[in-house]
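First up is the structure itself, then whatever we jot down about it.
Since this is a predicted model, take the numbers as computed values, not measurements.
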Amino acid sequence: MVKMLLSQVKEFKRDSLLAPLFVGGETVLEVLIPFMMSSIIDNGLNTGNMSYVYRTGALMLVMAMLSLVCGILAGRYASRASAGFARNLRKAMYDNIQEFSFANIDKFSTAGLITRLTTDVTNVQNAYQMVIRMCVRSPLMMVFSMIMCFYLNPELSMIFPVAMVFLAVALALIMVRAHGYFRRLFHKYDDLNACIQENVTAIRTVKAYVREDFETEKFKEESRWIQFLSVCAEKLLVLNAPIMQTTMYTCTLLLSWLGAHIIVGGGMGTGALMSMFTYSTQILMNLMMISMAFNMIVMARSSGDRIAEVLNEKSSLSNGPHPVMEVPDGSIEFCDVSFQYSSGEGKEVLDHVNVRIESGQTIGIVGGTGSSKSTLVQLIPRLYDVTEGCVKVGGIDVRDYDMEVLRHQVAMVLQKNELFSGTIKENLRWGKEDATDEEIELACRHSQAHEFIEKMPDGYDTYIEQGGTNVSGGQKQRLCIARALIKKPKILILDDSTSAVDTHTDALIRQAFAQDIPDTTKLIIAQRISSVQDADKIIVLDQGRINGFGTHEELLKNNEIYRDVYESQVKGGEEE
């Protein structure tokens, strides 16, 4: 995990190396200053040599200034390195998410991915800055201070290694226990973010059903879990402070008691003992700093594991060694296709589907809820891979195509229509980046969107709010259809994409398809029989199997499911 994360340091390696280098310089200078103070007392003040005091004092002042400069530069480079490291981590995760197939995306919740891209990266960023500064400075300061202590008095200095071994064991035990709590804590943050996201996104539904109290209680429950796990983790981490304080005071008492005996025995001077106290303070204070860094690293370790999960996730879909770079035509063939969402587990969603669709045909797809209509069409642009059999487009297995080439030729208007923040033109150019104003207007005329766009204050430059909240459901559907038409695809798939428009507009859209894109293969999933009855052929799906395939008239005669749906809709329409 650590190696994978550090691979994202990239162009900030220089800053990551310079920061500890200047930290080292700052540390060496700070360690030498107490030693020189000891020399001033023993060789200058005690002997009355004021010239030595002035020279050494001036040198100490220069060293202090140099130490300050090194500290400033170390902070600057550490900040740049950690911020750049965080930027690269976010970019690497975001880029990898863009490569995910639908199957990969299904493994992670939206809230979980957002938490990883924000909170988890921030935790790792803070820990990285702590590592290249504090975790370099503190060990160096301790080592150099200990060397000076051993130089001044080896016997008295044996106090410090014993204290360090004790602290290392205690901190290791705390780290092992706390890591488990932090892993659970961050998963609960995912649940909390999901709760917030659902509530804010569906706030109109929440208010319409007067479910504010229910949502508030759900939020409180997730918050209580986070509080509980945070307290459990902090109960362990707060042990650092008393352990550190106890060790510090014990070392100070031992140093005072044993040092006094050594001075009385003539084994050490007063200046040397004062330096020993200074070095002991440096050692113990830096042990405290390591304890603080340790807390940050424990938290960052859990975040790093979660980031690594996203970076390690490889798309379940990939191009073959020699992908086909051109789609000959819009013909589609399902050859004994079976599919299940979790390979090797669960029920088959599609069960041995066999059907051939000629290029340019209009195919209607009907079936009850859960009959796998959407799943069937999602296999065509290879949003999922089949479990068994194969799907062919233009007579070639979709797995043999370059995925971008295939998807450029398959325009799909999904069941859930999404518009993005930006103008209408910007949204429509998702279908074709360099689309001209004339192409945009033509596509909107075909989708029956031009009329309502012209009535908007800024026409095609009207700003669409996030999620398309300032347009109706039917308008959103027509804009999404226009966005797909701009691609001029060989295959057009409408997944229940006219459910929010009236029957007259629906008929006009289908008429435009027949007249203006006759060579495009059109697959129309619909709940209304009127939306598909003029299609060349209609597929009737039932529990993942093809129950019927034929024209409207043929299915009325031969297919009971189709006939029941048609009669219920006709009867309902007459009663209305």
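- Applying the ring pair (Phe, Tyr, Trp, His ring centres under 6.0 Å) definition to pairs two or more places apart or across chains, those involving residues 404-427 are Phe420-Trp430.
- For the pair Asp402 (side chain) and Pro323 (backbone), a donor-acceptor distance under 3.5 Å is absent.
- Classified by interplanar angle (parallel below 30°, tilted 30° to 60°, perpendicular above 60°), the ring pair Phe108/Phe100 is parallel.
- Counting only heavy atoms from C-beta outward, the side chains of Leu185 and Ile226 approach each other to under 4.5 Å.
- Across all non-hydrogen atoms, the minimal contact from Thr462 to Gly459 is OG1-O, 2.7 Å.
- Arg429 and Asp434 are not joined by a salt bridge, as no carboxylate oxygen comes within less than 4.0 angstrom of a charged side-chain nitrogen.
- The two residues Thr387 and Gln340 have their closest heavy-atom pair at OG1-N, 3.0 Å.
- Asp506 and Ser531 share a donor-acceptor pair across their side chains, judged by distance under 3.5 Å alone.
- For the side chain to side chain contact (heavy atoms under 4.5 Å, CB included) criterion with Asp120, the lone passing option out of Thr115, Asp305, Ile114, Val310 is Thr115.
- Taking the side chain as every heavy atom from C-beta outward, Lys188 and Leu229 approach each other to under 4.5 Å.
- Here the closest heavy-atom approach between residue Glu222 and residue Leu192 is recorded as CB-CD1, 3.8 Å.
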Passes side chain to side chain donor-acceptor pair (under 3.5 Å), Ser497 versus Asp495? Steps please.
CA-CA 5 Å; Ser497 304; Asp495 188 354; over 6 Å; no
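- Nearest heavy-atom pair across Asn123 and Ala300 is O-CB, 3.7 Å.
- Between Lys218 and Glu215, at least one side-chain nitrogen of the basic residue sits less than 4.0 Å from a carboxylate oxygen of the acidic one, meeting the salt-bridge criterion.
- Taking the centre and axis of the six-membered ring of Tyr566, the NZ or CZ atom of Arg563 falls outside the cone set by 45° and 6.0 Å.
- Checking side-chain atoms of Thr520 against main-chain N and O of Pro489 turns up a donor-acceptor pair under 3.5 Å.
- Shown here for Ile380 and Val398, the closest heavy-atom pair between the two residues is O-CG1, 3.5 Å.
- Residues forming a ring-ring contact (aromatic ring centres under 6.0 Å, His included) with Phe12 (at least two apart in sequence, or on another chain): none.
- Between Arg545 and His352 the shortest side-chain heavy-atom distance does not fall below 4.5 Å.
- Side chains of Glu465 and Asn470: a donor-acceptor N/O pair is absent below 3.5 angstrom, by distance only.
- Taken from OH in Tyr460 to NZ in Lys425, the straight-line distance is 9.0 Å, to the nearest 0.5 Å.
- Put simply, the side chain of Ser359 does not reach to within 4.5 Å of the side chain of Asp519, judged on heavy atoms.
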